[in-house]
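Computed from a prediction, not measured in an experiment: that's the story for all the values here. Numbered from 1 within each chain, the chains take letters A, B, ... in sequence-line order.
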Amino acid sequence: MKSKTDKLDALRHSASHIMAQAVLKLFPGTKFAIGPSIENGFYYDFEFTEKMSEEALSGIEHEMGRIIREEQEFICEEITKKEARGIFGGQPYKLELIDGIEGDKVSTYRNGDFIDLCKGPHVRNTSEVKHFKLLKLAGAYWRGDEKNKMLTRIYGTVFPSEKELEEYIRVLELAKERDHRKLGKEMDLFSIHEDIGPGLIYWHPRGAMIRKVIEDFWREEHIKNGYELLFTPHIAKIDLWNTSGHTGFYKDNMFSTMNIDEMEYQLKPMNCPFHIMIYKTGLKSYRDLPLRWCELGTVYRYEKSGVLHGLMRVRGFTQDDAHIFCREDQLQEEIIKTIEFVIFILKTFGFEEYEVYLSTRPEKCVGDLKMWEKAEEALKKALIKTGLVYEVDPGEGVFYGPKIDIKIKDALMRTWQCSTIQVDFNIPERFDMTYVDNDGREKRTIMIHRALLGSLERFFGVLLEHHGGRFPLWLAPVQVDIIPIKEEQAGYAVSIMNKLKENGIRARINDKDSKLGKKIWSSRQMNVPYMAIAGDKEVKEGRISVRKLTGGDLGAMEIDNFIDILKEEIFLKK
RNA sequence: GCUGGGAUAGCUCAGUCGGUAGAGCACAUGCAUGGUAAGCAUGAGGUCGUGGGUUCAAUUCCCAUUCCCAGCUCCA
């Protein structure tokens, strides 16, 4: 397994060299920076002397083809830094890289007339790079730092076989097809009004229905799992945010304050301080803990204009937030329970695969080191106990504590950050949160912040793309479209609809179009899971003809029989 | 925020090398009364993102601005 990915990496890395070689040939004077292999391909960053456009890509591809046909060998050479500086004299980015390398030798790879500073490995010969394609052009900062110069990045991909390349391009097209912004419009689920406020979501009736089903399920399961529900305001005086530390460490992400009665108020970017206020309304005994308080809390965060993206990255969103207040001896168990709860919820929504990350203390943070270590240790232990495979993401924690992030893998194997579990020793300190222990002394409360779905907006977007708009029956906003063939069956259609509604099924009559074929087509366009078709024959027999979006014609059946099928499928949440 | 591209009817898009614009779908009306993936006809719809400039004349050219898209950086 490992060697296979290494081989693919070498192939992609080699392709990036060939691309750089082609670019330098076609555009002399271009400075080249770095060109690694990445998850689905490779890129190379350049500083061009003139403006580049995507039209240039096919020319570069052509030149690459020529290099490949020349069957140039990749040759590794160890040279001294001094020699390297000579070779890359006109290449400032390479010189900077050489300076950053330890020791006084560097390795280079040469093929044909092209040489690059590179630790390899590569394939043996350019002819091995057969099935490649350049994909797009984009800006990228030198060394990924926004203070640095912006370079031009060319993305490409290469696979060992034509079949795999085609498959990858097919997945890219599929992803475009099921883009949640496209489906959201087509299925009339939500909208964003750029002129009225970018990054703010309007849920239409069908989208709102899905959200309602998600929320109902979420609340029910939380209550079952020992949580209690909260509702808190959307604004608070700035003092609260000074205490929590947000004005210091989260300022860039907050909307500006508003002045009310000479006082500064702040729109909330997080829910935690509000939950803490509730905690502090009374003395808590060690017997009260753990307290598990959850809220579908809407928060507003300022996001830079360029990062907004449909439902995935917005400025106003509802977190499925909860805070668990507990004693130190309860911490481990609570984290484990939370992890298990996350997995259960995600599985129910059809997500079976995850990537788990443990993010540790960032540079900008509050609290002392010991507390951070304690918190990181607690998360790590819990992960080990649950047996989940995880990776450490150093420095990626939140300013008040480390976290476990669970990223969902969707149907197209893309990952999405949704769930997060954060241990926090710091904010309880800042708010002086305590409980009275069994020895009568006050002890510091520990807090876990967690969101399972992350934000309802993002989760909905992921869910939409994961299912490609074909929601499982329990989530579908309209579960059954009733299609009368002629106007004479209108009354019968209404009676069927009422019967379904009485049984808690979301049914609608589709009689807008004139032809049966068109009605079926339009129901399919909206991804309605079931159609119940009624014509003369069905009315006479007191039945309906059932058609399934994913299963074709199921034939005629009694309405009660149909209801049983629907109820079973809804119950199973499949 | 940065780099590049873009903004034309409700949606998807075409177009005018400067003389105020068009298609398909959707919508409305009429015809058709249809049996399992798009019936036919007619009609209504746009100060061509916003503000300024050049010009006899700007949707088109120039500048600014807002927003969108692909990335970068950042993130639920």
Side-chain angles (χ1 to χ4, degrees), chain A residues 43 45 47-48 51-55 135-155 176 179 181-182 185-186 188 191-199 250 252-253 269-271 297 299 301-321 359 396 398 403 405-408 416-420 422 449-459 461-462 483-489 512-525 531 533-538 545-549 552-556:
Chain A
Y43 68 78
D45 287 345
E47 185 188 331
F48 287 98
K51 258 190 194 167
M52 280 311 283
S53 70
E54 304 235 342
E55 281 105 68
L135 299 170
K136 60 196 163 198
L137 214 92
Y141 298 107
W142 164 236
R143 302 204 136 161
D145 188 332
E146 59 183 321
K147 289 183 198 81
N148 286 340
K149 194 171 174 118
M150 170 104 21
L151 306 174
T152 305
R153 176 171 297 180
I154 302 176
Y155 283 94
K176 220 169 159 186
D179 188 312
R181 293 165 297 184
K182 183 170 178 278
K185 232 178 240 170
E186 287 169 1
D188 195 15
S191 58
I192 301 171
H193 302 263
E194 275 93 26
D195 42 346
I196 293 305
Y250 210 69
D252 292 347
N253 283 292
M270 290 189 191
N271 301 301
V299 297
R301 296 184 185 173
Y302 173 74
E303 298 285 355
K304 289 177 181 176
S305 61
V307 307
L308 300 175
H309 181 86
L311 294 173
M312 304 305 196
R313 192 76 181 274
V314 295
R315 284 184 173 156
F317 58 98
T318 300
Q319 289 184 308
D320 69 315
D321 211 353
S359 302
E396 291 301 310
V398 203
K403 59 175 182 172
D405 284 332
I406 298 176
K407 294 188 184 178
I408 293 174
W416 301 97
Q417 149 102 62
C418 294
S419 319
T420 182
Q422 306 163 358
H449 310 246
R450 45 111 284 192
L452 309 183
L453 311 177
S455 90
L456 289 177
E457 285 75 7
R458 179 180 289 180
F459 187 75
V462 174
I483 301 178
I485 292 175
K486 294 186 196 171
E487 275 161 32
E488 288 111 72
Q489 288 102 38
K512 211 172 151 220
D513 300 300
S514 48
K515 291 266 203 191
L516 175 60
K518 184 70 180 279
K519 287 181 232 189
I520 290 171
W521 178 82
S522 67
S523 283
R524 290 183 61 85
Q525 286 302 106
M531 285 167 242
I533 298 166
D536 277 336
K537 206 175 75 191
E538 285 80 5
S545 287
V546 176
R547 214 191 144 93
K548 195 174 179 180
L549 177 65
D553 196 347
L554 303 186

With A/Leu308, which residues qualify under side-chain contact (heavy atoms from CB on, under 4.5 Å), at least two apart? A/Pro198, A/Glu303, A/Arg315
Can you list everything that forms a side chain to side chain donor-acceptor pair (under 3.5 Å) with A/Thr318? Sequence neighbours excluded, please. A/Arg211, A/Thr298
Name all residues meeting the side chain to side chain donor-acceptor pair (under 3.5 Å) criterion together with A/Lys182; count only those two or more places apart in sequence or in a different chain, and write none if there are none. A/Glu177, A/Glu186
Encode nucleotides 2-8 of chain B as B, S and - characters from 5' to 3', where the letter depends on protein heavy atoms closer than 4.0 Å: B to the base, S only to sugar-phosphate, - to neither. BBS----
Quick one: list whatever passes salt bridge (charged side-chain N to carboxylate O under 4.0 Å, His left out) with A/Arg301, sequence neighbours left out. none
I'd like to compare against my own output: the B/S/- annotation of nucleotides 37-45 of chain B with a strict under-4.0 Å heavy-atom distance to protein. BBB------
State which residues pass salt bridge (charged side-chain N to carboxylate O under 4.0 Å, His left out) with A/Asp179; sequence neighbours excluded, sorted by chain then number. A/Arg181
Residues forming a side-chain contact (heavy atoms from CB on, under 4.5 Å) with A/Met150, sequence neighbours excluded: A/Tyr141
Is any side-chain nitrogen or oxygen of A/Tyr250 closer than 4.0 Å to OP1 or OP2 of B/rC74? no
Could you give the distance separating B/rA32 and B/rC40 at their P atoms, to the nearest angstrom? 16 Å
With sequence neighbours excluded, residues passing side chain to side chain donor-acceptor pair (under 3.5 Å) with A/Ser455: none
Listed by chain and number, what are the side-chain contact (heavy atoms from CB on, under 4.5 Å) partners of A/Asp321, not counting sequence neighbours? A/Asn271, A/Gln319, A/His323
Which nucleotide in the list B/rU33, B/rA76, B/rG1 gets nearest to the side chain of A/Lys304? B/rG1
Stems for RNA chain B (at least 3 consecutive Watson-Crick or G-U pairs, under 3.5 Å) come to B:1-7 with B:66-72, B:10-13 with B:22-25, B:27-31 with B:39-43, B:49-53 with B:61-65
When rounded to the nearest Å, what value does the distance between P atoms of B/rG24 and B/rA44 take? 15 Å
Integer angstrom distance from the P of B/rG15 to that of B/rA9: 15 Å
Mind telling me if B/rG53 is syn or anti? Syn here is a glycosidic angle within 90° of 0. anti
Go through A/Phe459 and A/Leu452 one step at a time and tell me if the side-chain contact (heavy atoms from CB on, under 4.5 Å) criterion holds. CA-CA 10 Å; A/Phe459 187 75; A/Leu452 309 183; over 6 Å; no
Would you please name every residue forming a side chain to side chain donor-acceptor pair (under 3.5 Å) with A/Lys403, sequence neighbours left out? A/Asp405
